[in-house]
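Order of the sequence lines sets the chain letters (A, B, ...), proteins ahead of strands, with each chain counted from 1.
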2 protein chains.
Amino acid sequence: MARLPTVTDVGRVAGVSRQTVSNVLNSPTIVKSETREKVQAAIAQLGYRPDASARRLRTRKSSTLGIRLDPMTNGISGSVHDRFLHALTEQADERGLRIMLFTATDPNDEIRQFSRMRDGADVDAFVLTSTFYDDPRTEWLIANDVPFVTFGRPWGIDDMNDPLHLWVDVDGWSGVREATAHLLAEGATRVAFLGWPSHSGTGDDRRRGWRDAMTAGTSLTPAQLDELEMATEDGVSQGRDAIRSLAPGSFDAVVCVSDSLALGAILAAGADIPVIGYDNTPVANAIGLSSVEQPLAEVAAGALELLMGPRGAEILDRTTTPDEPKHRLVKPHLVVRTRQLS
Amino acid sequence: MARLPTVTDVGRVAGVSRQTVSNVLNSPTIVKSETREKVQAAIAQLGYRPDASARRLRTRKSSTLGIRLDPMTNGISGSVHDRFLHALTEQADERGLRIMLFTATDPNDEIRQFSRMRDGADVDAFVLTSTFYDDPRTEWLIANDVPFVTFGRPWGIDDMNDPLHLWVDVDGWSGVREATAHLLAEGATRVAFLGWPSHSGTGDDRRRGWRDAMTAGTSLTPAQLDELEMATEDGVSQGRDAIRSLAPGSFDAVVCVSDSLALGAILAAGADIPVIGYDNTPVANAIGLSSVEQPLAEVAAGALELLMGPRGAEILDRTTTPDEPKHRLVKPHLVVRTRQLS
DNA sequence: AGAATAGATTTGATCGATCAAACTACTATG
DNA sequence: CATAGTAGTTTGATCGATCAAATCTATTCT
């Protein structure tokens, strides 16, 4: 196969220099429009594409985002990460960015990967998912001046407004609150909450949503709410066991922090008790489980906007752009379904 | 932040030339071991990492594989792609390759993306998933001399042994045959098959597995088998409706081409009828559904082996390596569970 | 001893693009 | 009229690595 055309080839055909070709590509406004058209015709004629590696070498930008591919420990909810990744890839492409994957066994390994990819000039920025308390990854990235954005807010309280930490998150509080209110409006009076143990920021946030809705919509006392509140690790059988441990008749509906737990709740509680899950996974769709849907396309768009500004095609240096917003909280919405199962 | 060290910097510290440093990295054997150690010490001391863009520009290799991220139209079975991607990323990393994602709306759009990424020297090779009859993508890649491997065999009969088309696939015939034989061994006599309409190569292959097992393990006539065979689009409700259309008592077990269909079958057939699914998705695990597990790590390893040879770190030109194997069929295995549902 | 050979390392050129500065042609200004 | 200014374009240098060929050194052969 013949050598691919270069800027020089295009220039020769168009009767201009290589730099003018480069200008047509990168700063079209400074080129006389007549010349620009000649060059564009030559580009089309030769089927020219800029060589990504050469451009990256010169500009010191890779136009690539790194993102860790989670191992599928999440079970059913893995599709959330998957859908987010898809949305991110699509929208990044529109902005001229590529997505590069990596894996890591634990946070420290992940930091090692950051270092590798960063030093190799492989990526310009990282997108992190599943942040947690005192996340060492974000500390490292900030300390080493590597641009990044997280899907998930920083859960150490002080960090929420750290201008160096860009984040997008879904307002789980609002989502669970809406789900709970929906159940109350449908006639439930004692909505149980099936959540995660409280070391999870995300879980605590969703729990507050349930508690606030219950406090506002019922006359139950805090102590009574405590009895409706359960915490367990994620999983179908864990959900089932948790609901079985409740006294029958002590609750008439359940809100869960995940579809896995919700599926377990359905199995234990039977057809008469309405259940609402979280994440709107394919399973929820399959069995007719109402669930809180995270607007992942919006999250992806938000992440890119924080990194690149509303329209740009370049990663901004956040230390020099104090006016840009630093975080974004998007609202999920409840998808109501009628049960197909049991 | 200080400029990152280059080969020249390393050479200065080690007291050798830049090319020797390069040799230590790329052809360690030609460097005297004493010198090699000095250079390696300098590399460690400076924390040197080769610049990926510079290397790629010079070598004309990106050390990157492109893979399309499927939209989650697959519902429950999306996790298969996800797990494959994870295994691929991990093993590619071990071989010094990175994985770059892209999306496409249809096969022609995908071809356009191939062209873009290829011309930009962004990727060296592609990994394709979900091949189908007369796939235009593989034709294009072969015609344009772009290395690739597919997860899924080419379903046009002549193509199966095309030495230019590298492929890995899971032996669905064997998986479904094993599943069917298992049900027969457990006492079933009339195992129904819930498959896809016959324009799908994968589906046909799995159907043959069931038919062969039934022919070998029962004395049912072909006409009787026809009555146990169903075809429908994928989905839980489709599976449920298909099973409901069978006369009750006309079957005593079901094998399905997917976990989605299997879940539908369970809902329709009730607790007494054993059902086996395919893909071993998180849902199967959650509800205690037996299912055929695809060994995706093996598939990923096989894909890389076909592209790069058993140990290499470079993509081979398959036109010049007639001795390397061109495809690989891996055997899935049945995961037996006891039902947790209904 | 002198030449040939292999082993180890260095030097110059190059990959394809962009940056920075220089140049050209033409207009505006005192 | 000469000088400065500006828009548009070109030339030389550079990013960091590897390739190809040259150089140097030690060893072997006739």
Side-chain angles (χ1 to χ4, degrees), chain A residues 1-40 42-43 46-64 96 118-122 124 313-314, chain B residues 1-40 42-43 46-64 96 118-122 124 313-314:
Chain A
M1 207 159 82
R3 190 176 53 80
L4 273 79
T6 70
V7 269
T8 310
D9 298 321
V10 174
R12 189 177 326 110
V13 169
V16 298
S17 72
R18 53 179 207 285
Q19 182 62 38
T20 299
V21 177
S22 172
N23 287 338
V24 169
L25 264 45
N26 301 304
S27 342
T29 54
I30 71 166
V31 179
K32 193 161 43 158
S33 59
E34 189 188 339
T35 316
R36 189 165 57 223
E37 279 158 30
K38 269 193 309 188
V39 171
Q40 271 155 351
I43 288 176
L46 296 177
Y48 166 79
R49 303 269 183 201
D51 182 285
S53 298
R55 171 178 279 171
R56 295 206 263 256
L57 171 60
R58 192 60 180 98
T59 61
R60 316 292 316 148
K61 306 217 153 111
S62 66
S63 298
T64 301
R118 166 67 188 197
D119 290 352
D122 263 321
D124 290 335
E314 297 223 333
Chain B
M1 204 160 83
R3 191 176 52 80
L4 288 153
T6 71
V7 268
T8 309
D9 298 321
V10 174
R12 188 178 327 108
V13 169
V16 299
S17 73
R18 51 178 210 287
Q19 182 61 37
T20 299
V21 177
S22 172
N23 287 337
V24 169
L25 262 44
N26 301 304
S27 338
T29 54
I30 71 165
V31 179
K32 191 156 52 154
S33 58
E34 189 188 340
T35 318
R36 190 165 53 224
E37 279 157 31
K38 268 193 309 189
V39 171
Q40 271 156 350
I43 288 176
L46 296 177
Y48 167 78
R49 300 271 180 202
D51 181 285
S53 299
R55 172 178 279 171
R56 293 207 265 257
L57 172 59
R58 191 61 180 100
T59 61
R60 314 295 317 151
K61 308 219 152 109
S62 65
S63 299
T64 301
R118 165 66 183 197
D119 291 351
D122 263 321
D124 290 335
E314 298 224 334

Counting only heavy atoms not in A:Lys38, do more than 12 sit closer than 6.0 Å to its NZ atom?
-> yes

If you count the non-hydrogen atoms of other residues, nucleotides and ligands that lie under 6.0 Å from CD in A:Gln40, is the total more than 12?
-> yes

Tell me: CG of B:Asn23 to P of C:dA8, nearest whole Å?
-> 11 Å

In whole Å, what is the span from the CD atom of B:Gln19 to the P atom of C:dT11?
-> 11 Å

Of A:Thr20 and B:Arg55, whose closest DNA chain D nucleotide lies nearer the 5' terminus?
-> A:Thr20

Salt bridge (charged side-chain N to carboxylate O under 4.0 Å, His left out) with B:Asp122: which of A:Arg49, A:Arg56, A:Arg55?
-> A:Arg56

Could you say whether B:Val16 or B:Arg60 is positioned toward the 5' end of DNA chain C, judged by the nucleotide with the nearest heavy atom to each?
-> B:Val16

Assert: residue with more 5' nearest nucleotide on DNA chain C, out of B:Ile30 and B:Thr59, is B:Ile30

NA contact type, [X], heavy-atom cut-off 4.0 Å: base, sugar-phosphate, or nothing?
X: B:Arg56; value: nothing
X: A:Thr35; value: sugar-phosphate
X: A:Arg49; value: sugar-phosphate
X: B:Thr6; value: sugar-phosphate

Would you indicate whether the side-chain heavy atoms of B:Arg60 and A:Asp51 approach each other to under 4.5 Å?
->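 Yes - at least one pair of side-chain heavy atoms lies under 4.5 Å apart.
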
Counted 5' to 3', the first and last nucleotides of DNA chain D within 4.0 Å (strictly under) of a heavy-atom of chain A are D:dG8 to D:dG16

Which one of A:Asn26, A:Leu25, A:Thr20 satisfies the side chain to side chain contact (heavy atoms under 4.5 Å, CB included) criterion with A:Ser22?
-> A:Asn26

Return the set of residues passing side chain to side chain donor-acceptor pair (under 3.5 Å) with A:Lys32 (not counting sequence neighbours), or none when no residue passes.
-> none

